[in-house]
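Notes for the one structure printed next.
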Amino acid sequence: LMQLFRPLDMLGWVYRTIRQGLIDMAEMFRLMDTDVEVEDPPSAPALIIRRPTVAFENVVFGYERDRTILNGLSFEVPAGDNIAIVGPSGAGKSTIARLLFRFYDPWSGRILIDGQDIATVKQASVREAIGIVPQDSVLFNDTIGYNIAYGKDGAGEDAVRSAARDAAIMPFIEALPQGFETEVGERGLKLSGGEKQRVAIARTLVKDPPILMLDEATSALDSRTEQDILATLDRISRHRTTLSIAHRLSTVASAHEILVLDQGKLAERGTHTDLLKMDGLYAEMWARQQNEE
Ligand code: ATP
């Protein structure tokens with residue numbers, strides 16, 4: 001009998017893995033836009049995080065041999081701090097996220113999480129430590145509960161509920177006649193941009209990652225919803241090390257530090273107030289956006 005069941009179990013596992021793989025890839029490719037090409041060194045240990053610091057040390061990287069995108073980039077994020085990365089389009093902001101997720105290895109220099117070079121530990125352990133809230137998430141044609149639980153293999157009901165609460169989507173779910181069992185997506189309930197965003201946040205929170213990477217999470221929302229979501233992101237990032245990639249400067253003014261990237265180099269760094277005083281690239285970008293708004 002076992003022999004009959006094993007293959008079926010296996011099929012179920014393959015099916016789930018493929019399904020997860022698809023959505024992972026859909027999401028990652030949108031953010032990461034890349035082929036996976038790095039390999040674990042043989043018998044690489046798992047990343048062990050006591051204090052989730054993140055550091056780039058003189059990182060040089062490009063996608064193509066003769067075109068350098070990051071030119072010796074260095075910065076440190078203390079555990080629990082919230083830093084924002086801003087800069088003109090094409091400056092290399094998303095590239096930083098891709099490298100931290102170890103979709104590529106730097107040409108030279110190192111990327112450290114809690115003092116460990118991420119190129120020397122298991123990739124899976126690096127990715128497990130980082131939660132990504134992308135700009136717009138992919139939802140399955142499945143229940144809202146499934147869509148949240150999928151953030152972590154084997155997430156239990158308590159973890160899903162707690163994540164939904166922290167993402168401030170619990171009142172919405174509880175008001176649905178079928179609650180967490182409500183089907184969403186093309187054939188089910190259509191969620192608004194803000195609700196989808198909250199499902200994505202809950203999905204990330206199920207992982208309970210010590211490090212968060214926010215990819216300009218609020219670009220497609222109306223300003224009231226944006227403010228609400230920002231407040232939620234602010235709350236969940238409070239005890240996590242957070243890197244936010246942002247285009248709109250109004251969303252980063254409260255960061256502990258803002259890194260202003262220009263052509264793969266750190267052009268300026270400081271708090272919003274520091275940077276305005278500096279009267280350089282950031283001040284210029286700020287003035288331009290104020291005018292536009
Ligand atoms: P934006 O604000 O427009 O999203 P960004 O600062 O996030 O820009 P990146 O996406 O990091 O910029 O891209 C930096 C540079 O690297 C760009 O010139 C881009 O064309 C190039 N680039 C990005 N991905 C690849 C890739 N997979 N292959 C080759 N070049 C790439």
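Whatever order the structure lists them in is the order used to number ligands and atoms, beginning at 1.
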| request: Would you give the length of the straight line joining atom CD1 of Ile173 to atom CZ of Arg198, rounded to the nearest 0.5 angstrom? | output: 11.0 Å
Basic-acidic side-chain contact under 4.0 Å: [X], [Y]:
X      : Y      : value
Asp208 : Arg240 : yes
Asp40  : Arg102 : yes
Lys207 : Glu128 : no

| field | Close N or O approach (Ala91, ligand 1; < 3.5 Å) | value | yes
Below 4.0 angstrom from a heavy atom of [X], which ligand 1 atoms are there? Numbered from 1 as shown, please.
X     : value
Ser94 : 5 (P), 7 (O), 10 (O), 11 (O)
Glu64 : 29 (C)
Lys93 : 1 (P), 2 (O), 5 (P), 6 (O), 7 (O), 8 (O), 11 (O), 12 (O)
Arg98 : 10 (O), 23 (C), 24 (N)

| query | Where does the angle between the aromatic ring planes of Phe75 and Phe56 fall among parallel (under 30°), tilted (30 to 60°) and perpendicular (over 60°)? | reply |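 Parallel.
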| task | Measure centre to centre between the rings of Tyr63 and Tyr104, then say whether the value is under 6.0 Å. | result | yes
| said: Taking 4.0 Å as the limit for heavy-atom contacts, which would you say applies to Thr95 with ligand 1: side chain only, backbone only, both, or neither? | reply: both
| field | Heavy-atom nearest option to atom 29 (C) of ligand 1, drawn from Phe61, Tyr104, Phe103, Tyr63 | value | Tyr63
| query | Does Gly87 have a non-hydrogen atom less than 4.0 Å from ligand 1? | reply | no
